[in-house]
Amino acid sequence: MFTLKAACAWCWVFLCFSVKACNVADDLIGAKSPGDIVIGGLFPVHQQVKNLNLLKPDPLECTGFDVQSFIWVQAMIHTIDMINNSSLLNGIKLGYEIYDTCSDASKAIIAAMKLLSKSNSTGNVLEVHCNYTDYKPIVKAVVGEVYSELSIPTARIFNVMLMPQISFASSASILSNKGRFASFLRTVPSDIHQTKALAKLVSYFKWNWVGVIATDDEYGTSAMTDFISHAQKQNVCIGFQEEIPTYVCDAQSDERIQNLISKIENTPNASVIVLFAKQAIVVKLFNEIIHRGIKRLWIASDAWSMSRAVAKMKNIKTVGNILGFSFKTGCIPGFLTHLRNLRPPAEGFNKFIDKYKQLHSSCPKQNEDYTETCSSNTNHCLFQEEKKLVQPLNCDKTNEANINKDDISHNIELGVTYAQYLATKSIAEALRNLLKCREGVCQKNLDFPPWKLLEAIRMVNFTEAGRPFYFDESGDSINGYDLIHWDMDDYVTRFKTVGEYKLLDNNVYIYDEVFKNIGKAVFSNCSRSCKPGERKNAYSLHTCCYDCVPCAEGYHSAGWDMNDCLKCLDGQWSDAGSSECNNKTIEYFNWNDGFAIVLVVFASLGIVLIIVIIIIFSLNLNTPAVKSSGGYFCFVILFSLFLCFISTGFFIGEPTNLHCKIRQPLFGISFTICVSWILIKSFRIILAFNFDPIVHHQMKKMYKPLVILVTCTLIQVIICTLWLLLKGPFYVINHSIPKVILPKCDEGSNVAFGIMLGYIAFLAFLCFLAAFMGRKIPDIYNEARFITFSMLIYLIVWISFVPVHVNTEDKYLPAVEVVAILASNYGILCCHFFPKCYFICFKKDQNTPESYRKNLREHNAQKRQGTNLSQTSGVTESFWSAPESPPPVHNQVFQISMNTENKM
């Protein structure tokens with residue numbers, strides 16, 4: 001809490017006077033009262049040693065009387081008097097020896113050695129032994145020191161014989177090391193907790209750009225280092241960090257404070273400043289802050305979080321809001337009454353009271369404003385009527401009305417004073433346990449070494465003011481901190497407890513809503529906070545200085561100041577700059593889709609038409625029109641078209657793995673049968689009309705319709721089988737489409753898919769070539785142009801299908817193939833079966849063998865006469881003129897045609 005080597009004599013009021021050099025050992029003692037058990041005390045009643053630059057080890061002279069330390073001394077004396085007047089140690093009187101360390105390590109070491117002197121030694125001097133187990137000095141325990149830098153050397157000395165030392169203010173974290181300071185304990189937490197609490201408070205209000213100021217001593221340097229370490233763990237950056245001299249009267253102090261204030265002005269975004277310093281330094285700094293008109297939010301360390309000297313400064317409220325952590329406070333019963341009735345003990349003496357009364361009586365009666373000075377020869381009054389008041393204490397309310405402006409109780413800082421009370425009482429509680437005091441009776445065995453009392457102190461556990469008190473394994477208090485907010489106006493400053501920091505769970509709790517709103521209204525950030533939907537993009541070495549960049553599409557950030565945007569899950573989507581992800585909708589080519597309904601209607605119509613054609617062909621099976629279409633074999637072709645129409649149903653609705661594996665092979669094999677049949681018809685036409693007799697005879701031997709059909713179909717079956725076995729189609733869920741989950745069939749091997757379609761296209765191209773070669777045959781048998789049309793439709797449809805299929809990724813991808821299948825099927829129905837059905841149903845008189853022969857003879861006669869007449873009784877509705885063919889061939893056309901159809 002407090003710093004080392006207070007250089008100038010300033011506390012509540014700065015006093016300068018000299019102490020006479022001691023002639024005997026007892027001259028070192030400032031206050032003494034005999035008792036059965038003696039407790040030592042180390043207090044910095046004076047703020048500095050006057051003659052530090054010694055050429056020989058002369059006695060050190062002290063200067064700068066410290067009112068606050070004087071109050072702490074009286075708190076210890078009052079607590080001991082309370083214990084002696086209670087039944088806690090019935091029959092055992094506690095005495096005390098209290099020494100003034102003058103805030104100097106050398107004086108503290110001299111006092112420590114005196115406290116270790118042995119009662120039966122000559123001149124009460126400290127004896128040198130190899131083993132101090134049975135060493136029994138006069139004093140059994142020591143309360144103090146205040147400053148950590150004085151507690152460290154004295155704790156080293158007391159550690160030799162494990163003399164219990166309980167500090168009520170030294171908070172340096174190094175003192176928790178029991179390997180180095182085994183006999184040291186304290187009734188306040190370690191600074192490691194305070195700095196952690198401060199970092200969590202800063203993080204609580206989302207301040208990430210703060211300034212840190214500390215004194216250049218061990219306390220300040222250690223506290224600053226620890227705070228920065230904890231702050232960085234809380235993602236808090238340090239806008240600036242500066243050290244100022246520990247000594248108020250340092251020659252460079254003014255210059256360094258001016259430089260520090262310039263730093264504060266040049267870092268406007270760091271509107272929150274953490275300040276580790278004692279109150280004298282804070283007063284000097286704030287004087288200049290008030291003069292410059294700078295306003296910030298100041299976070300106080302426990303060294304000045306309840307400083308009445310700072311609170312009484314004129315215009316203090318202009319520096320801005322002040323808050324900080326203080327030690328847990330409490331009231332000492334009857335202490336205010338004790339302060340108003342100061343008197344030396346009945347036995348013993350108290351030099352501090354004498355000096356206090358001497359200085360108090362020298363004060364002028366008129367009111368004066370407080371002015372600070374570094375002159376060691378200037379005397380100042382302890383009490384002046386201040387223009388700025390601090391709220392009265394909440395203790396001893398029955399006597400509160402009696403408090404006047406020059407009452408010393410105005411200088412009490414409850415946090416440290418109460419911690420001193422706990423230190424003294426914990427020794428008494430340990431003695432009660434050590435001496436086995438039961439029902440008002442204690443053992444009178446008082447001749448024990450200090451280390452036995454140390455064991456008992458470590459085990460104390462009592463309740464004070466409704467709160468448990470005990471020491472943890474490091475010898476530190478488990479009490480946390482109160483969060484104090486300074487409620488300031490022109491007339492009074494109130495220290496308002498608005499929250500606390502609990503050591504047990506390392507959390508800050510804020511209970512005051514008004515204070516929460518004050519904290520939230522303060523902006524202390526290098527950059528504005530990135531709102532949800534944005535991420536931080538750092539542009540400097542400080543991670544707190546950044547630009548806010550919107551999250552990309554498919555990413556989101558749900559919280560504030562996110563370092564990275566999070567990718568949405570596979571089943572989710574988000575727009576650019578989104579703070580959350582939305583669940584994707586599952587889309588597929590549904591049966592309820594309007595387009596799907598249209599396609600289903602066309603597929604159903606095709607199935608109905610196939611059934612009608614089968615009925616018509618069955619009733620007219622022996623007519624020339626049916627025989628020329630293939631006879632019984634045409635039912636196989638119609639069934640394959642039926643399967644093609646059925647296959648379209650596997651492209652609609654939510655796909656499954658079975659659907660994916662069935663639909664393509666079913667269509668491919670079925671349509672291959674159709675195209676193979678058309679290829680056979682094309683071959684038959686060429687065989688019947690376009691060859692001379694010799695070639696005709698040779699081709700007729702090769703004309704095996706069933707073999708051709710089976711072979712062409714078997715090749716497609718092999719292609720589809722290998723496709724399914726090696727890398728067949730499978731069900732997959734496509735997440736690549738924004739906002740949509742698309743269940744679909746992956747074709748597995750696109751090469752195999754292309755080979756399947758390419759094979760059908762190859763057969764169709766052969767049909768197209770063969771039909772083109774037979775385009776000039778007699779029109780009664782001229783199916784070549786219908787074959788040409790149907791294959792041309794197929795090729796155009798499927799050539800168009802390829803780029804559309806490749807560039808379609810949404811749910812209508814299956815619809816593209818369904819359209820291609822339906823177009824191909826209807827092309828075959830329209831070009832191959834509808835004309836036959838028309839001829840069968842509406843040209844019955846021409847659907848006879850005699851009519852076919854007659855039309856053939858007329859056709860030959862017209863060719864011989866060179867005429868071109870429109871035919872209405874043939875298979876087609878138009879006439880393609882053709883050059884004359886050899887009569888012998890044309891005379892045999894009908895018979896050959898009929899024979900070839902019968903072979904099928």
Side-chain angles (χ1 to χ4, degrees), residues 1-17 19 28-32 39-50 60 62-80 96-105 107-108 111 142-151 154 166-171 186-188 219 246 248 278-281 283 302-304 306-310 327 332 335 338-339 342 350-360 380 382-383 408-421 423-424:
M1 166 185 167
F2 288 93
T3 58
L4 172 68
K5 297 180 181 177
C8 287
W10 191 96
C11 175
W12 177 243
V13 174
F14 181 88
L15 292 171
C16 300
F17 71 99
V19 177
L28 296 171
I29 304 176
K32 180 177 181 180
I39 300 175
L42 296 176
F43 293 85
V45 180
H46 290 85
Q47 285 294 298
Q48 64 182 349
V49 173
K50 186 176 180 181
L60 300 176
C62 299
T63 182
F65 190 84
D66 186 353
V67 176
Q68 186 59 67
S69 294
F70 172 72
I71 291 175
W72 294 332
V73 170
Q74 297 308 311
M76 177 179 174
I77 294 173
H78 172 67
T79 305
I80 292 176
Y96 54 83
E97 286 187 10
I98 300 176
Y99 293 79
D100 181 6
T101 63
C102 302
S103 306
D104 182 76
K107 289 283 290 184
V142 177
V143 175
E145 229 282 341
V146 175
Y147 302 123
S148 295
E149 292 190 33
L150 300 188
S151 290
T154 55
I166 305 178
S167 174
F168 53 91
S170 298
S171 56
R186 51 189 165 191
T187 54
V188 294
Y219 164 74
T246 302
V248 177
K278 66 176 183 177
Q279 59 183 3
I281 299 294
V283 168
D302 53 29
W304 68 278
M306 294 184 70
S307 170
R308 294 176 175 268
V310 178
F327 301 134
I332 306 174
F335 184 47
H338 172 84
L339 288 179
L342 293 174
N350 192 324
K351 299 176 184 177
F352 304 128
I353 294 179
D354 296 337
K355 180 54 63 176
Y356 162 74
K357 290 184 176 181
Q358 174 189 348
L359 296 172
H360 186 210
H380 291 267
L382 288 171
F383 310 105
I408 192 175
S409 61
H410 274 294
N411 296 288
I412 297 177
E413 294 179 9
L414 285 181
V416 179
T417 306
Y418 184 70
Q420 193 284 325
Y421 166 72
T424 306

| task | Identify which one of Asp100, Val67, Thr101 satisfies the side-chain contact (heavy atoms from CB on, under 4.5 Å) criterion when paired with Val45. | result | Asp100
| task | Quick one: closest heavy-atom pair of Ala419 and Val188, and the distance? | result | CB-CG1, 3.7 Å
| Distance-only side-chain donor-acceptor flag, Thr79 / Thr424, under 3.5 Å | no
| message | When you compare the side chain of Asn350 with that of Gln74, does any pair of heavy atoms fall below 4.5 Å? | response | yes
| request: Would you give the length of the straight line joining atom NZ of Lys278 to atom CD of Gln68, rounded to the nearest 0.5 angstrom? | output: 13.0 Å
| request: Mind listing the closest non-hydrogen atom pair of Ser151 and Ser167 along with its distance? | output: OG-OG, 4.1 Å
| said: Closer than 3.5 angstrom, by distance alone: can the side chain of Ser103 be matched with the main-chain N or O of His46 as a donor-acceptor pair? | reply: yes
| Given Tyr96, which of Ile80, Val73, Ile29 fulfils the side-chain contact (heavy atoms from CB on, under 4.5 Å) condition? | Ile80
| field | Considering all heavy atoms, the nearest Phe352-Ala31 contact | value | CE1-N, 3.9 Å
| Where Phe43 and Glu145 come nearest, the two heavy atoms and their spacing | C-OE2, 3.6 Å
| said: Could you work out, with side chain to side chain contact (heavy atoms under 4.5 Å, CB included) as the rule, every residue matching Ala75, not counting sequence neighbours? | reply: Ile332, Phe335, Thr417, Gln420
| In terms of the angle between their ring planes, are Phe65 and Phe70 parallel, tilted or perpendicular, with boundaries placed at 30° and 60°? | tilted
| Would you call the rings of Trp72 and Phe168 parallel, tilted or perpendicular if under 30° counts as parallel and over 60° as perpendicular? | perpendicular
| said: With rounding to the nearest 0.5 angstrom, report the CG to CG distance, Asp354 to Leu342. | reply: 11.0 Å
| said: Ile77 vs Ile98, test: side-chain contact (heavy atoms from CB on, under 4.5 Å). Steps then yes/no. | reply: CA-CA 9 Å; Ile77 294 173; Ile98 300 176; 3.8 Å; yes
| query | Could you give the distance from CE (Met306) to CZ (Phe327), rounded to the nearest 0.5 Å? | reply | 12.0 Å
| message | Is there a side-chain contact between Leu150 and Leu42 in this structure, where contact means two heavy atoms from C-beta onward sitting under 4.5 Å apart? | response | no
| Does any non-hydrogen side-chain atom of Ser170 lie less than 4.5 Å from one of Tyr219? | no
